[in-house]
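Indexing begins at 1, ligand by ligand and atom by atom, following the structure's order. What you see below is based on every heavy atom in this structure, not just the backbone, and it leaves out hydrogens, waters and symmetry mates.
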Amino acid sequence: MSDPLQPGACIGILGGGQLGRMLSVAAARLGLRSHIYDPGANPPAGHVAERVTTAPWDDEGALRAFAASVDVITYEFENIPTATLDLLESLRPVRPNRRALAVSQDRLTEKDFLTGLGLTTAPYRDIPDAAALDAALAAIGAPAILKTRRLGYDGKGQVRIVDPAEAPAAMAELGGAEAILEGFVTFTHEVSVIAARGPGGEVACFDPGENVHRDGILRTTTVPARLTNAQRVDAVLLASRVLTALDYVGVMGVELFVTAQGLVVNEIAPRVHNSGHWTQAGCAIDQFEQHVRAVAGWPLGNGERYADVVMENLIGDDVDRVPDLARTADVQIHLYGKGAPRPGRKMGHINRILRG
Ligand code: AMP
């Protein structure tokens with residue numbers, strides 16, 4: 001790593017959604033500028049960043065100009081096309097690195113990587129064709145979940161198979177996309193660790209949060225999570241192993257199932273994570289500042305948790321509650337500056353600080 005970025009330096013952010021927006025705000029607080037690159041017009045991050053480039057991922061001229069205007073490049077979502085990264089990487093440092101993206105872009109590669117580290121995941125099989133699905137169902141058993149290898153998020157690209165007879169319909173629903181079959185994990189609850197690693201290899205983890213999903217979308221994160229001391233240590237140690245194995249720089253979300261047999265890794269996200277938003281109200285240094293610090297080569301901050309917090313996403317019409325929430329004590333409101341609320345659209349979130 002080169003020297004830490006100085007005030008006035010610019011961070012390039014691929015993707016201009018709410019995560020990019022909150023990264024831009026964190027960068028600005030540290031005296032850094034940000035430049036957003038997003039194919040969509042009027043991205044939420046554009047309202048708070050110094051510059052926005054609106055261009056497709058394959059616009060070589062726009063990508064070159066973007067890279068020339070920034071000192072380091074990071075991203076707020078993991079599905080960036082390979083060719084885009086190849087070009088950008090030849091021009092500027094990209095953090096987190098390529099391997100982290102490659103591993104998390106493909107559920108099969110991700111599971112192979114995690115189990116290769118000795119971590120526990122759901123049982124899984126590669127499903128290149130219908131015959132493989134029948135064999136996998138025979139081996140893993142039902143219920144199971146058929147998931148596309150790529151481009152799945154917020155529960156999309158997933159079909160539950162309760163009975164093996166449903167296999168053909170499940171294949172048809174995924175429309176021929178490459179897939180894996182995952183055995184159904186019987187968990188008591190879901191938690192995640194938001195972990196950060198600096199360029200010098202130091203790792204800092206936030207306290208695990210407990211997550212509740214509805215319709216495949218995160219609804220709430222509560223800290224502290226219900227975990228035994230041993231589980232809490234286990235969660236943090238396994239997250240650290242993942243980051244170190246990838247020589248990772250930045251913040252990562254590691255999602256875990258809590259089971260009677262121990263922690264099972266669901267998936268990793270090589271970016272700031274919705275389940276880490278509570279850190280904005282619970283810690284002196286939140287996940288966004290921690291990520292900016294890491295990619296800028298600054299020392300990681302102290303992410304110790306000072307409060308109990310419930311983070312709640314404002315999805316679709318939930319945003320109509322904002323006038324009431326604004327009158328409520330101990331509620332921190334974050335709105336993403338998006339247009340019309342649609343069902344399933346993340347419009348903002350609140351952090352409710354709990355007092356004993
Ligand atoms: P994912 O997009 O893979 O994180 O899945 C979204 C949600 O579906 C998870 O947060 C779980 O609630 C549920 N889920 C996914 N995979 C499994 C599994 N193998 N067993 C049980 N529940 C799962």
>> Asp247 vs Asn97, test: side chain to side chain donor-acceptor pair (under 3.5 Å). Steps then yes/no.
In response: CA-CA 8 Å; Asp247 195 19; Asn97 65 31; 5.0 Å; no
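- For the side-chain hydrogen bond (donor to acceptor under 3.5 Å, both in side chains) test with Glu312, the passing option among Arg321, Arg219, His277 is Arg321; the others fail.
- Residue Phe184 has at least one heavy-atom neighbour below 4.0 Å for each of these atoms of ligand 1: 20 (N), 21 (C), 22 (N).
- In Ile145, the part holding a heavy atom less than 4.0 Å from any atom of ligand 1 is the side chain.
- In Arg107, the part holding a heavy atom less than 4.0 Å from any atom of ligand 1 is the side chain.
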> How far apart are the C-alpha atoms of Cys205 and Ile194, what are their side-chain angles, what is the distance that settles it, and do they pass the side-chain contact (heavy atoms from CB on, under 4.5 Å) test?
Replying inline: CA-CA 6 Å; Cys205 295; Ile194 307 301; over 6 Å; no
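- By the 4.0 Å heavy-atom criterion, Gly183 is counted among the residues contacting ligand 1.
- Using a 4.0 Å cut-off between charged nitrogen and carboxylate oxygen, Arg98 and Glu89 count as a salt-bridge pair.
- Of the N or O atoms in Arg160, none lie within a sub-3.5 Å distance of an N or O in ligand 1.
- Inclusion of Val185 in the set of residues having an N or O under 3.5 Å from an N or O of ligand 1 is warranted.
- Atom numbering of ligand 1 starts at 1 in the shown order; those under 4.0 Å from a heavy atom of Glu190 are 9 (C), 10 (O), 11 (C), 12 (O).
- With Glu289 as reference, Arg293 is the one residue of Arg293, Gln287, His291 to meet the side-chain hydrogen bond (donor to acceptor under 3.5 Å, both in side chains) rule.
- With ligand atoms numbered from 1 in the order given, ligand 1 contributes 12 (O), 21 (C), 22 (N) to contacts under 4.0 Å with heavy atoms of Phe187.
- Other members of the hydrophobic cluster containing Val264, listed by chain and number, are Val185, Phe187, Phe257; membership follows side-chain contacts under 4.5 Å among ILVMFWY residues, whether direct or relayed.
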